[in-house]
There are 2 protein chains.
Amino acid sequence: MKRTRFDRDPCPIARATDVMGDWWTPIIMREAFLGASRFGDFVDRLDVPRATLAKRLERLVEDGLLSQTAYQDNPPRYEYRMTEKGFAFLDVLVAMWRWGSEWGWPEGRGPAVELVDPVTGNEIIPQVVDVRTGEPIDPTRLRMQLKSSAKRRTVKAAEE
Amino acid sequence: MKRTRFDRDPCPIARATDVMGDWWTPIIMREAFLGASRFGDFVDRLDVPRATLAKRLERLVEDGLLSQTAYQDNPPRYEYRMTEKGFAFLDVLVAMWRWGSEWGWPEGRGPAVELVDPVTGNEIIPQVVDVRTGEPIDPTRLRMQLKSSAKRRTVKAAEE
DNA sequence: AAAGTAAGTTCAGTATTTGAACTTACTCGA
DNA sequence: TCGAGTAAGTTCAAATACTGAACTTACTTT
């Protein structure tokens, strides 16, 4: 019996879960973003078990969030770098940051870290919005449904 | 040996990972948001193993993302409902949706589902932005650091 | 009275995670 | 040139976690 995989699921949330739902993976991506690139960088920063780390890096490379570049041949040694797909994933990490900051500590306390723009020095406060309106997502006005293109096709088929 | 927990980690991403990094949890939260409330609702919609589901619901209640309300006494039966903390988590799901939609399918294909506003009928395209500027997060201008309040205290101490 | 329902729990077999020790192929300093 | 050090894994055994199927409990319906 292996773990149920979501990589063929029609829902984008399930597909994302399949990639980043492995224990340690979001934290490994955080460190990759913060500059870790070699195996030892991750080991030094994270006390993650080496066996687990090796498996996670392998999968992240397979899934295209990290790329592997040899920096030495014998023995072969690699550097792991964020790909475009990996950078895009940052939005998820940042949404987790926001939620974790707001809800991850007991009342009255909060994290001792913050997000800043190194150019302006301003604090960055992430928020998820709708591109069309620029407004935050309203949970009471959010539905998931078959795409209108698929719907249209169905309607069209029904009309014929 | 038990799994390394991140619920005391100083990083908000780690705290979020601790809650939602369990396999099935994001998908269970998706269904809860879509209206599932009883044990059987989740079983019907998700073919999740009942034992796993029971454990996840228990932990989500413990962590305050779902609340448990008895709708019958003997035998005791509960309804699981989203709390404010659970609704806030929707931002993370929605960020996962966006990333999953864009990167979870092979080139040229995409998911057959979409997010819509049921009032206007418009598609909702989620994006993570900085509240201050309204602009998307630029991965090259994002640093995580000790909070300025902590820094200020240090600077002040140094000045004295 | 028998069958069905709802929400779990129990079970045994796999799979995964963990920490510690081991491996490989250099590189450096004495 | 010998021994120690480094880097990136791999291997191992023990502990957990996940899975699907069967079981339980206390009603409710036919």
Side-chain angles (χ1 to χ4, degrees), chain A residues 1-9 14 17-29 31-32 35-63 66-81, chain B residues 1-9 14 17-29 31-32 35-63 66-81:
Chain A
M1 267 147 251
K2 63 173 123 175
R3 180 154 60 174
T4 310
R5 282 287 165 186
F6 307 123
D7 54 351
R8 301 289 156 197
D9 197 290
T17 300
D18 192 76
V19 174
M20 59 82 75
D22 280 315
W23 205 245
W24 278 108
T25 293
I27 294 172
I28 288 168
M29 286 303 290
E31 288 310 319
S37 67
R38 298 185 177 183
F39 193 90
D41 292 340
F42 294 96
V43 170
D44 292 347
R45 298 168 184 219
L46 284 184
D47 68 330
V48 55
R50 309 171 79 85
T52 303
L53 177 61
K55 249 177 254 160
R56 293 298 178 273
L57 289 174
E58 189 187 8
R59 184 146 142 73
L60 285 167
V61 169
E62 264 175 29
D63 286 338
L66 297 179
S67 67
Q68 212 178 24
T69 320
Y71 69 86
Q72 169 186 308
D73 275 345
N74 211 327
R77 293 288 180 256
Y78 302 99
E79 261 172 3
Y80 300 91
R81 292 221 197 75
Chain B
M1 264 148 256
K2 64 171 123 177
R3 182 151 64 173
T4 311
R5 282 288 164 185
F6 306 123
D7 56 347
R8 301 290 156 195
D9 197 291
T17 300
D18 193 75
V19 174
M20 58 84 74
D22 280 315
W23 205 243
W24 280 107
T25 294
I27 294 172
I28 288 168
M29 286 302 290
E31 288 310 319
S37 67
R38 297 186 179 184
F39 192 90
D41 293 340
F42 294 96
V43 170
D44 293 346
R45 298 168 184 218
L46 285 184
D47 67 330
V48 54
R50 309 171 79 86
T52 303
L53 177 61
K55 251 177 252 160
R56 293 296 178 276
L57 290 174
E58 190 186 8
R59 184 145 143 73
L60 284 166
V61 169
E62 263 175 29
D63 286 338
L66 297 178
S67 67
Q68 211 178 25
T69 320
Y71 69 87
Q72 170 186 308
D73 275 345
N74 211 325
R77 294 289 180 255
Y78 301 100
E79 261 172 1
Y80 300 91
R81 293 221 197 75

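Just the heavy atoms: all of them, side chains too, but no hydrogens, waters or symmetry mates, feed the values below. Here is the naming used below: chain letters follow the sequence lines, and residue numbers restart at 1 for every chain.
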Could you list the protein-to-nucleotides 27-30 of chain D atom pairs, N/O on both sides, closer than 3.5 Å?
| from | atom 1 | to | atom 2 | distance (Å) |
| --- | --- | --- | --- | --- |
| D/dC27 | OP1 | B/Asn74 | O | 3.0 |

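The side chain of A/Trp23 sits closest to C/dT18 out of C/dA7, C/dT18, D/dT19. Minimum atom distance to the side chain of B/Thr4 is reached by C/dT18, of the listed C/dT18, D/dT10, D/dA8. Comparing C/dT18, C/dG8, C/dA7 by their closest approach to the side chain of B/Tyr71 singles out C/dA7.
Residues passing the side chain to side chain donor-acceptor pair (under 3.5 Å) test with A/Arg45, sequence neighbours excluded: A/Glu31. Under the side-chain contact (heavy atoms from CB on, under 4.5 Å) criterion, B/Arg38 pairs with B/Asp41, B/Tyr71, B/Glu79, sequence neighbours left out. Judged as a ring-ring contact (aromatic ring centres under 6.0 Å, His included), and not counting sequence neighbours, the contacts of B/Phe6 are A/Trp23, A/Trp24. Scored by the side chain to side chain donor-acceptor pair (under 3.5 Å) test, A/Tyr80 finds A/Gln68 as partners (sequence neighbours excluded).
Following rounding to the nearest Å, A/Asp44 (CG) and D/dT6 (P) show an atom-to-atom distance of 11 Å. As a whole-Å value, the separation of B/Arg5 CZ from C/dT17 P is 12 Å. Rounded to an integer number of Å, the gap from CH2 of B/Trp24 to P of D/dC18 is 12 Å. Across the protein-nucleic acid pair, A/Leu53 atom CG and C/dA20 atom C1' stand 16 Å apart, rounded to whole Å. Between the NZ atom of B/Lys55 and the C1' atom of C/dT16 there is a distance of 13 Å, rounded to whole Å. Rounded to whole Å, the distance from CD on B/Glu58 to C1' on C/dA7 is 14 Å. To the nearest angstrom, C1' of D/dT24 lies 10 Å from CZ of B/Arg77. Between the C1' atom of D/dA8 and the CD atom of A/Glu79 lies a distance of 13 Å, rounded to the nearest Å.
Residues B/Met29 and B/Leu60 form a side-chain contact, since some pair of their non-hydrogen atoms from C-beta on lies under 4.5 Å apart.
Sorted by first and then second residue, the pairs that involve residues 46-61 of chain A and meet salt bridge (Lys or Arg N to Asp or Glu O under 4.0 Å), not counting sequence neighbours, are A/Asp18-A/Arg59, A/Asp22-A/Arg59, A/Arg59-A/Asp63.
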- Heavy atoms under 4.0 Å is the rule here; annotate nucleotides 10-15 of chain C 5' to 3' with B where the base is hit, S where only the sugar-phosphate is, and - elsewhere. B--BSS

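Within residues 36-43 of chain A, the residues having any heavy atom closer than 4.0 Å to DNA chain D are, in order of number, A/Arg38, A/Phe39, A/Gly40.
Distances shorter than 4.0 Å separate none of the side-chain N or O atoms of B/Thr52 from OP1 or OP2 on D/dC18. Distances shown here put every side-chain N or O of B/Tyr78 at or beyond 4.0 Å from the OP1 or OP2 atom of C/dA6.
Comparing the end axes of the helix from C/dA1-D/dT30 to C/dA30-D/dT1, each fitted to five base pairs by superposing C1' atoms of four pairs onto the next four, gives an inter-axis angle of 10° (nearest 10 degrees).
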